[in-house]
Amino acid sequence: MDKKLVKVITYGTFDLFHQGHYRLLQRAKQLGDYLIVGITTESYDKTRGKLSVVDSIMTRIENVKKTGFADEIIIEDSPGQKFSDVKKYNIDIFTVGSDWTGQFDYLKDYCKVVYLERTKDISSTMLREKKQHIQRIGIVGTGRIANRFIPEAKLVSGVTTQGVYNPHKESALQFAQKWDINAYTEKEEFYQEIDVVYIASPHDTHYDYIKEALAHGKNVICEKPLVLKKKQAEEVFSEAKEKELILFEGIKTAYCPGFQKLLGIACSGMIGAVRNVEACFTKLEKPGSRERTDRLYGGSFFELGSYVMFPILKLFGTEYEEIAFDTIDDENGLDLFTRVSLRYPSGVATATCGLGVKSEGRLLISGTLGYIVVEAPWWKTSYFEVHYEDAGRIDKYSEIFLGDGLRYEISDFLALLNHNEKNAFKLTRGDSIALAGIMEKFMNEKRLGRG
Ligand code: C2G
């Protein structure tokens with residue numbers, strides 16, 4: 001009589017293939033006669049928060065193949081897939097390591113679920129950390145964004161937040177105590193103990209801090225707006241290039257997976273040729289806030305302009321033909337609301353932002369065949385729709401966006417640092433220089449120009 005073939009399935013990323021993976025596959029194979037191994041795609045790993053996978057999917061497949069344990073290899077690309085695979089492949093046993101104990105019990109109605117004991121003292125994370133020096137980040141500034149940065153950086157393997165610098169001792173100490181990191185008030189000591197500087201200080205201090213960090217041989221992540229003058233942007237980028245250091249502007253939208261998906265669709269021709277972009281971001285701030293009282297560097301455009309200009313530069317480029325600013329000013333001369341109108345050879349664009357006027361913050365991209373619409377908070381893109389002439393047809397897209405989203409930015413920075421240039425297109429030097437140029441124009445026309 002024919003004995004029924006016992007089919008086993010297991011899944012994993014199998015990054016930097018190690019003994020723990022080998023032993024898992026060996027024991028999985030021993031559970032039955034036929035072993036199917038599901039290997040995760042990069043995009044699936046991103047959605048489940050694994051942001052630092054080193055090996056390509058081809059390498060990871062090769063490594064599993066080499067063990068000789070897998071009778072069949074499949075690709076795992078979505079969270080619901082295990083459930084359908086078990087039925088599709090007629091699986092008898094589902095197995096994974098004991099770090100997942102209990103999490104796949106929902107499959108018990110369909111097959112046996114076995115958690116194999118995880119091999120101790122070895123993991124891909126440990127190997128990644130050994131392979132690459134852990135980048136020690138030093139933060140400059142102790143404001144809101146610096147507070148958001150730390151928990152996000154904890155989720156990216158390969159970096160650690162070493163400490164914070166603030167010339168005001170009290171602020172530095174308070175912040176350091178809150179996050180259990182070092183406080184520095186002496187610059188030289190700060191620079192000696194870090195590899196990367198994250199600049200989250202007021203806008204007008206960015207230029208000096210960037211120059212100083214580069215002079216100390218440090219790579220830099222700088223909050224937007226990088227600097228407020230085109231020449232300064234060109235200068236700091238050329239200094240970074242000369243020293244072979246990375247200078248990276250932190251506009252988190254640029255690195256969020258949903259925004260990348262949206263750009264892909266906008267540029268694919270699905271909505272025809274892009275002819276109009278409208279981006280709006282408003283955030284009400286109290287009259288006494290720094291954003292509404294800093295006479296030189298406050299106001300809505302310096303605060304939010306990078307976000308609203310960014311999709312326009314990505315879709316139409318940096319070579320606009322005309323640019324005009326319209327503002328509604330507060331009594332102190334700071335812009336409560338700003339509208340920027342741009343004309344390009346192939347279309348028009350409007351960027352709107354406000355600190356004292358609330359508006360419907362959305363992003364609209366109109367093309368010759370249809371339009372893309374993303375409601376607020378589009379700058380943390382997680383859902384958008386594509387509409388066409390036929391009002392009955394709407395294509396809906398969702399993408400993961402976890403936490404404050406800075407993890408995507410930090411992980412892309414790390415990829416650049418590890419000489420993996422594949423993400424450099426998301427926010428280029430050219431984009432950052434153009435943004436600085438637009439900030440400068442705004443300053444000249446709306447601040448200085450007023451006399
Ligand atoms: N593993 C192990 N011992 C280690 C490390 C890993 O037994 N020291 C096991 C894991 O438990 C898992 C397999 O090796 O069963 C692959 O591990 P990873 O590559 O880390 O993949 P993982 O994120 O656990 O993916 O859909 C994906 C799966 O749910 C599991």
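Only heavy atoms go into these numbers, but all of them, side chains included; no hydrogens, no water, no symmetry mates. Remember, predicted model here, so these are calculated numbers, not experimental data. Note that ligands are numbered from 1 as they come in the structure, with each ligand's atoms numbered from 1 the same way.
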Donor-acceptor side-chain pairing of Tyr344 and Glu319 below 3.5 angstrom: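 No, because no side-chain N or O of Tyr344 sits under 3.5 Å from a partner of the opposite role on Glu319.
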Which of the numbered atoms in ligand 1 are below 4.0 angstrom from a heavy atom of His21?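 With His21 as reference, the close atoms of ligand 1 come out as 14 (O), 16 (C), 17 (O), 18 (P), 19 (O).
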May I ask you to list the atoms of ligand 1 that are less than 4.0 angstrom from any heavy atom of Gly12?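 Listed by number with element: 16 (C), 21 (O), 25 (O), 30 (C).
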Hey, does [X] come in under 3.5 Å of ligand 1, counting only N/O atoms on both sides?
X      : result
Lys120 : no
Trp100 : yes
Glu76  : yes
Val96  : no
Thr119 : yes
Ser123 : no

Identity and distance of the protein heavy atom lying nearest [atom]:
atom                    : answer
atom 9 (C) of ligand 1  : Leu24 CG, 3.7 Å
atom 10 (C) of ligand 1 : Asp99 OD1, 3.8 Å
atom 19 (O) of ligand 1 : Phe14 N, 2.7 Å
atom 1 (N) of ligand 1  : Arg118 NH1, 3.9 Å
atom 21 (O) of ligand 1 : Thr13 N, 3.2 Å
atom 15 (O) of ligand 1 : Gly97 N, 2.9 Å
atom 8 (N) of ligand 1  : Ile122 O, 2.6 Å

What about the rings of [X] and [Y], do their centers lie closer together than 6.0 Å?
X      : Y      : result
Tyr165 : Phe190 : yes
Phe83  : Tyr110 : yes
Phe310 : Phe259 : yes

Using the ring pair (Phe, Tyr, Trp, His ring centres under 6.0 Å) definition, which of the options Tyr209, Phe413, Phe149 pairs with Tyr198?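 Among Tyr209, Phe413, Phe149, the one that satisfies the ring pair (Phe, Tyr, Trp, His ring centres under 6.0 Å) with Tyr198 is Phe149.
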Does the pair [X]/[Y] count as a salt bridge with the N-to-O cut at 4.0 Å?
X      : Y      : result
Arg290 : Glu303 : yes
Lys426 : Asp431 : no
Glu193 : Arg136 : no

Select the closest option to atom 20 (O) of ligand 1 among Gln81, Lys82, Lys50, judged by heavy-atom distance.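 Shortest heavy-atom distance from atom 20 (O) of ligand 1: Lys50.
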Distance to the ring centre below 6.0 angstrom and angle to the axis at most 45 degrees; does that hold for Lys82 and Tyr11?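 Yes.
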Would you check whether Arg48 reaches within less than 4.0 Å of ligand 1, judged by its heavy atoms?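 Heavy atoms of Arg48 do come under 4.0 Å of ligand 1.
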So which atom in Ala153 and which in Val159 form the shortest heavy-atom distance, rounded to 0.1 Å?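 Between these two residues, the closest heavy atoms are O-CG2, 3.5 Å.
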State which residue, out of Ile39, Thr59, Val53, Thr67, fulfils the side-chain contact (heavy atoms from CB on, under 4.5 Å) condition with Phe14.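 Between Phe14 and the candidates, side-chain contact (heavy atoms from CB on, under 4.5 Å) is satisfied uniquely by Ile39.
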